[in-house]
Amino acid sequence: MSRIYLSPPDVGPREREMLLDAFDSNWIAPLGPHVDAFEAEIASITQRSHAVATNSGTGALHLALRYFGVSPGDRVITSSLTFAATANAICYQGATPVFLDSCRSSWNMDPDLLREVLSSAADKNDLPRAVVAVDLYGQCADYNKLSAICEEFRVPLIVDAAESLGAGIAGRPAGSVGQAAIFSFNGNKIITTSGGGMLVTDDEQLATKARFWATQARDDAPHYQHSELGYNYRMSNILAAIGRAQLEGLTNKVDVRREHNQFYREALQDLPGITFMPEAPEARSTFWLTALLIDSTLAGNSRDDVRLALEAQDVEARPVWKPMHLQPLFAGCEMFGGAVCEQFFDRGLCLPSGSSLSTGAREKVVRVIREALGTPQL
Ligand SMILES: *Cc1c(COP(=O)(O)O)cnc(C)c1O
């Protein structure tokens with residue numbers, strides 16, 4: 001049997017058809033009709049007025065941070081429990097990330113903690129330049145609370161929705177809240193262009209600036225004149241064509257991942273010491289990855305025992321993100337709280353969750369986990 005991956009790409013004949021359409025049209029460039037159409041489609045499903053396609057989610061986040069004036073000496077608040085790309089983009093602007101703990105109800109940034117940190121920063125007249133909220137594993141952060149708090153303190157809110165396309169909370173789609181939000185179409189995300197990203201916003205000036213910076217900041221002159229620093233951050237028309245085909249299948253991919261999550265819950269719920277990442281009140285997660293916690297004192301074996309048992313059977317499972325405040329790179333950064341995300345990192349495991357995962361494959365995952373915990377299925 002072949003290896004079972006965590007979240008492999010899921011493409012088919014429609015992606016192939018769109019790819020060939022882009023190829024045959026000779027729009028083999030970081031612009032073209034598929035880029036324009038992909039932007040319009042993402043703007044529409046995220047209820048945004050503008051979308052800018054980029055060659056990565058990290059690049060999209062970098063553009064947004066620069067627009068809000070993030071610069072050397074500034075501090076930017078974000079979640080500790082995230083992928084390094086979130087914090088890296090802050091460092092690209094020479095700023096320092098400040099990390100916040102998660103709340104147990106969503107695993108995302110704790111709004112009460114954010115309010116505390118911002119109000120004590122306001123007292124010292126030392127507010128951060130921006131807040132980057134992260135939607136973890138397909139679940140939106142508490143958009144209502146976080147955006148109200150950021151508005152109160154007049155700090156721009158950027159949502160790192162790299163992992164949550166297709167999710168929603170309180171009637172709002174992922175990426176629809178904050179001054180800007182970003183998505184990733186990396187190979188492991190819910191839809192992929194092999195690599196790519198998107199910046200969404202309602203701020204026309206931000207969209208225009210982002211496009212300008214993403215294409216080497218070319219001034220309006222025939223002789224390639226530059227007054228500002230630019231990047232090569234735009235998405236290829238070839239990849240946008242794949243993205244459009246993937247987007248047609250988004251609803252189905254969300255349904256399939258949610259179904260995997262339901263399956264895992266039902267198949268493992270009787271095991272002592274196992275708890276799943278909760279779906280927060282009013283949230284509809286995509287369950288991009290199904291994540292669970294294993295309390296070794298109750299379960300009998302640890303997260304690593306289970307992970308290694310899966311690996312021995314050629315199943316890819318991964319610990320929950322290592323929090324940024326525990327990373328050597330960010331060791332000197334400020335951290336508020338930490339007990340919650342540290343526990344998630346100690347006990348958390350992400351299970352194979354791809355939309356192409358077969359019934360037989362997920363049954364094997366369950367079988368190996370139950371055997372590793374000494375409670376095989378009857
Ligand atoms: C994947 C991911 C990114 C980065 O996206 P790329 O397209 O790989 O640059 C950023 N933030 C989070 C939370 C991610 O999971």
Side-chain angles (χ1 to χ4, degrees), residues 5-9 30 38 42 51-66 76-93 97 99-100 102 106-109 130-141 143 146 157-167 174-175 178 180-200 210 214 231-236 239-240 242-243 246-247 257 277 285-291 318-325 327 329-330 341 344-345 348 350 353-354:
Y5 290 100
L6 197 64
S7 180
F38 192 32
I42 292 282
V52 179
T54 54
N55 57 12
S56 74
T58 313
L61 182 56
H62 182 201
L63 293 167
L65 289 163
R66 176 166 168 191
V76 174
I77 289 183
T78 192
S79 277
S80 186
L81 192 61
T82 183
F83 178 53
T86 315
N88 286 345
I90 294 167
C91 298
Y92 295 168
Q93 282 303 105
F99 299 115
L100 262 54
S102 303
S106 70
W107 293 26
N108 287 315
M109 183 182 286
V131 170
V132 181
V134 181
D135 297 345
L136 202 72
Y137 296 141
Q139 171 147 277
C140 295
Y143 286 175
L146 295 174
L157 172 67
I158 301 168
V159 178
D160 179 345
E163 301 178 2
S164 66
L165 184 69
I182 69 101
F183 296 102
S184 166
F185 310 117
N186 189 29
N188 62 351
K189 296 297 182 347
I190 194 158
I191 70 166
T192 183
T193 59
S194 74
M198 191 78 72
L199 171 67
V200 295
Y231 320 99
N232 183 2
Y233 273 0
R234 280 292 259 169
M235 178 182 283
S236 150
L239 302 187
I242 300 175
Q246 287 268 284
L247 196 55
R257 287 191 194 243
M277 175 180 179
S285 174
T286 63
F287 292 113
W288 169 58
L289 296 183
T290 284
R318 283 187 186 270
V320 161
W321 298 127
K322 179 172 184 170
M324 290 305 113
H325 73 283
Q327 300 285 353
L329 176 62
F330 302 114
C341 66
F344 294 165
F345 174 57
C350 298
S353 306

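Read the numbers this way: they start at 1 and go in the same order the structure lists the ligands and their atoms. A quick note: this is a predicted structure, and the numbers were derived from the prediction, not measured. Throughout, residue positions are numbered sequentially from 1 according to the sequence presented.
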For this session: For the pair Thr54 (side chain) and Arg234 (backbone), establish whether a donor and an acceptor sit closer than 3.5 Å, ignoring hydrogens and angles.
Result: no
Exercise. What does the list of residues with a heavy atom under 4.0 Å from ligand 1 look like, ordered by chain and number?
Worked result: Ser56, Gly57, Thr58, Thr82, Phe83, Ala85, Thr86, Val134, Asp160, Ala162, Glu163, Ser184, Asn186, Lys189, Gly196
For this session: Would you please name every residue forming a side chain to side chain donor-acceptor pair (under 3.5 Å) with Ser164, sequence neighbours left out?
Result: Asp135
Exercise. Can you say whether the rings of Tyr137 and Trp321 are parallel (under 30°), tilted (30 to 60°) or perpendicular (over 60°)?
Worked result: parallel
Exercise. Phe99: what forms a ring pair (Phe, Tyr, Trp, His ring centres under 6.0 Å) with it, not counting sequence neighbours?
Worked result: Phe330
Exercise. Who are the ring pair (Phe, Tyr, Trp, His ring centres under 6.0 Å) partners of Phe345, not counting sequence neighbours?
Worked result: none
Exercise. Which is it for Asn188 and Tyr5 under the side-chain contact (heavy atoms from CB on, under 4.5 Å) test, yes or no, and what are the steps along the way?
Worked result: CA-CA 10 Å; Asn188 62 351; Tyr5 290 100; over 6 Å; no
